[in-house]
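What follows is a short report on a single structure.
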Amino acid sequence: MATFDIYRKIYRLAKRIPQGRVATYGQLAGIVPGCTARMVGYAMAGIPDNERVPWQRVVNSRGAISLRGGSDSELEQRVILEKEGIPFNDSGRIDLARYRWKGPSLGWLEKNGYHTGPV
DNA sequence: CTTTTGACGCGTA
DNA sequence: CTACGCGCCAAAA
């Protein structure tokens, strides 16, 4: 099992995040076997051009955008998310209790070799 | 080879 | 609420 396969799994999973929902780094890491939150962030930073991953729907555990510091693309992503129907509160955070993605169906997880529940 | 860094998370103070 | 530390693991230096 090469690390390349893990990245592919992360991408495949992230592509399942529907519009109007968000997922956290830790959440995705908990679904992909042998993956950590840091690895998800690293994977998002290195998405190949041929892959179309909705990386803007992945936020940190606080419900805030965590882009490479100082970049203006952070504001850009917030605009995209708001456009997709996700509101930000006064602190610039998303209400994860309401907008967090529930994850793929159990059948999809089993079929593609992901974790199906809490580790 | 070793050290540092990074789109993270969580417990503690 | 903020600040700090540790754990996590893959790339880059």
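All heavy atoms count here, side chains included; hydrogens, waters and symmetry mates do not. Letters A, B, ... are given to chains in the order of the sequence lines, protein chains preceding strands, and every chain is numbered from 1.
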Closest approach of Tyr114(A) and Leu13(A), non-hydrogen atoms and distance?
->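 Shortest heavy-atom separation between Tyr114(A) and Leu13(A) comes out as OH-N, 3.8 Å.
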Taking every non-hydrogen atom, the tightest pair across His115(A) and Leu109(A) |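 Minimum heavy-atom separation between His115(A) and Leu109(A): O-CD1, 3.5 Å.
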Review item, side-chain donor-acceptor pairs of residues 95-108 of chain A, under 3.5 Å, at least two apart:
from      : atom 1 : to        : atom 2 : distance (Å)
Asp95(A)  : OD1    : Ala97(A)  : N      : 3.2
Ser105(A) : OG     : Trp108(A) : N      : 3.2

Would you say the side-chain atoms of Glu84(A) pair up with the backbone N or O of Leu81(A), donor to acceptor, closer than 3.5 Å?
->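 Here the side-chain-to-backbone pair does not exist.
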Please determine if a side-chain N or O atom of Thr24(A) lies less than 4.0 Å away from the OP1 or OP2 oxygen of dC8(B).
->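 The answer is no; no side-chain N or O of Thr24(A) sits under 4.0 Å from OP1 or OP2.
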Under-4.0 Å side-chain N/O to phosphate OP1/OP2 contact, Ser61(A) with dG9(B) =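 Yes, because at least one side-chain N or O of Ser61(A) sits under 4.0 Å from OP1 or OP2 of dG9(B).
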d([atom1], [X]; [atom2], [N]) in whole Å:
X	N	atom1	atom2	answer
Ile17(A)	dA7(B)	CD1	P	18 Å
Tyr25(A)	dC9(C)	OH	P	19 Å
Ile94(A)	dA7(B)	CD1	C1'	14 Å
Ile10(A)	dA7(B)	CD1	P	15 Å

To the nearest 0.5 Å, how far apart are [atom1] in [X] and [atom2] in [Y]?
X	Y	atom1	atom2	result
Lys9(A)	Ile31(A)	NZ	CD1	12.0 Å
Ile10(A)	Asp5(A)	CD1	CG	11.0 Å
Ile94(A)	Phe88(A)	CD1	CZ	4.0 Å
Gln77(A)	Lys83(A)	CD	NZ	11.5 Å

Under the salt bridge (Lys or Arg N to Asp or Glu O under 4.0 Å) test, residues paired with Arg16(A) that sit two or more places apart =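 Applying salt bridge (Lys or Arg N to Asp or Glu O under 4.0 Å) to Arg16(A) gives none.
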Please identify each residue that fulfils salt bridge (Lys or Arg N to Asp or Glu O under 4.0 Å) with Glu110(A), with sequence neighbours left out.
->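 Scan of Glu110(A) (salt bridge (Lys or Arg N to Asp or Glu O under 4.0 Å), adjacent residues dropped) gives none.
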Dump every N/O contact between nucleotides 11-13 of chain B and the protein below 3.5 Å, one line per pair.
none

Return the polar atom pairs (N/O with N/O) between nucleotides 1-3 of chain C and the protein under 3.5 Å, or none.
from   : atom 1 : to       : atom 2 : distance (Å)
dC1(C) : OP2    : Arg93(A) : NH1    : 3.4
dC1(C) : OP2    : Arg93(A) : NH2    : 3.1

For Arg93(A), which residues count as a side-chain contact (heavy atoms from CB on, under 4.5 Å) partner, sequence neighbours excluded?
->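 In terms of side-chain contact (heavy atoms from CB on, under 4.5 Å), with neighbours along the sequence ignored, Arg93(A) is linked to Arg62(A), Ala64(A), Asn89(A), Ser91(A).
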Between residues 45-55 of chain A and DNA chain B, which residues have a heavy-atom gap below 4.0 Å?
->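 Result for residues 45-55 of chain A: Ala45(A), Trp55(A), sorted by number.
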Would you indicate what Met44(A) reaches in the nucleic acid, counting non-hydrogen atoms under 4.0 angstrom: base, sugar-phosphate, or nothing?
->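 Contact class for Met44(A): base.
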With the side chain of Ser66(A) defined as its heavy atoms from C-beta on, choose the nearest nucleotide among dG9(B), dA10(C), dA7(B).
->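 The nucleotide sitting nearest to the side chain is dA7(B).
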Just compare dA7(B), dC8(B), dC10(B) and give me whichever is closest to any side-chain atom of Asn60(A).
->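 Comparing dA7(B), dC8(B), dC10(B) against the side chain of Asn60(A), the answer is dC8(B).
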For residues 33-56 of chain A, run the donor-acceptor check on the side chains, cut-off 3.5 Å, and write out each pair with its distance to 0.1 Å, sequence neighbours left out.
from     : atom 1 : to       : atom 2 : distance (Å)
Thr36(A) : OG1    : Met39(A) : N      : 3.3
Glu51(A) : OE1    : Lys15(A) : NZ     : 2.7

Derivation of the side-chain contact (heavy atoms from CB on, under 4.5 Å) call for Leu28(A) and Thr24(A) | CA-CA 6 Å; Leu28(A) 298 183; Thr24(A) 68; over 6 Å; no
Residues Val22(A), Ile17(A); criterion side-chain contact (heavy atoms from CB on, under 4.5 Å); working and verdict = CA-CA 7 Å; Val22(A) 295; Ile17(A) 307 176; 5.8 Å; no
Scan nucleotides 11-13 of chain C against the protein and return all N/O pairs shorter than 3.5 Å with their distances rounded to 0.1 Å.
from    : atom 1 : to       : atom 2 : distance (Å)
dA11(C) : O4'    : Tyr42(A) : OH     : 3.2

Who pairs with Glu82(A) by side chain to side chain donor-acceptor pair (under 3.5 Å), at least two apart in sequence or on another chain?
->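 In terms of side chain to side chain donor-acceptor pair (under 3.5 Å), with neighbours along the sequence ignored, Glu82(A) is linked to Arg78(A).
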Which pairs, protein N/O on one side and nucleotides 5-7 of chain C N/O on the other, fall under 3.5 Å?
from   : atom 1 : to       : atom 2 : distance (Å)
dG7(C) : O6     : Arg38(A) : NH1    : 3.4

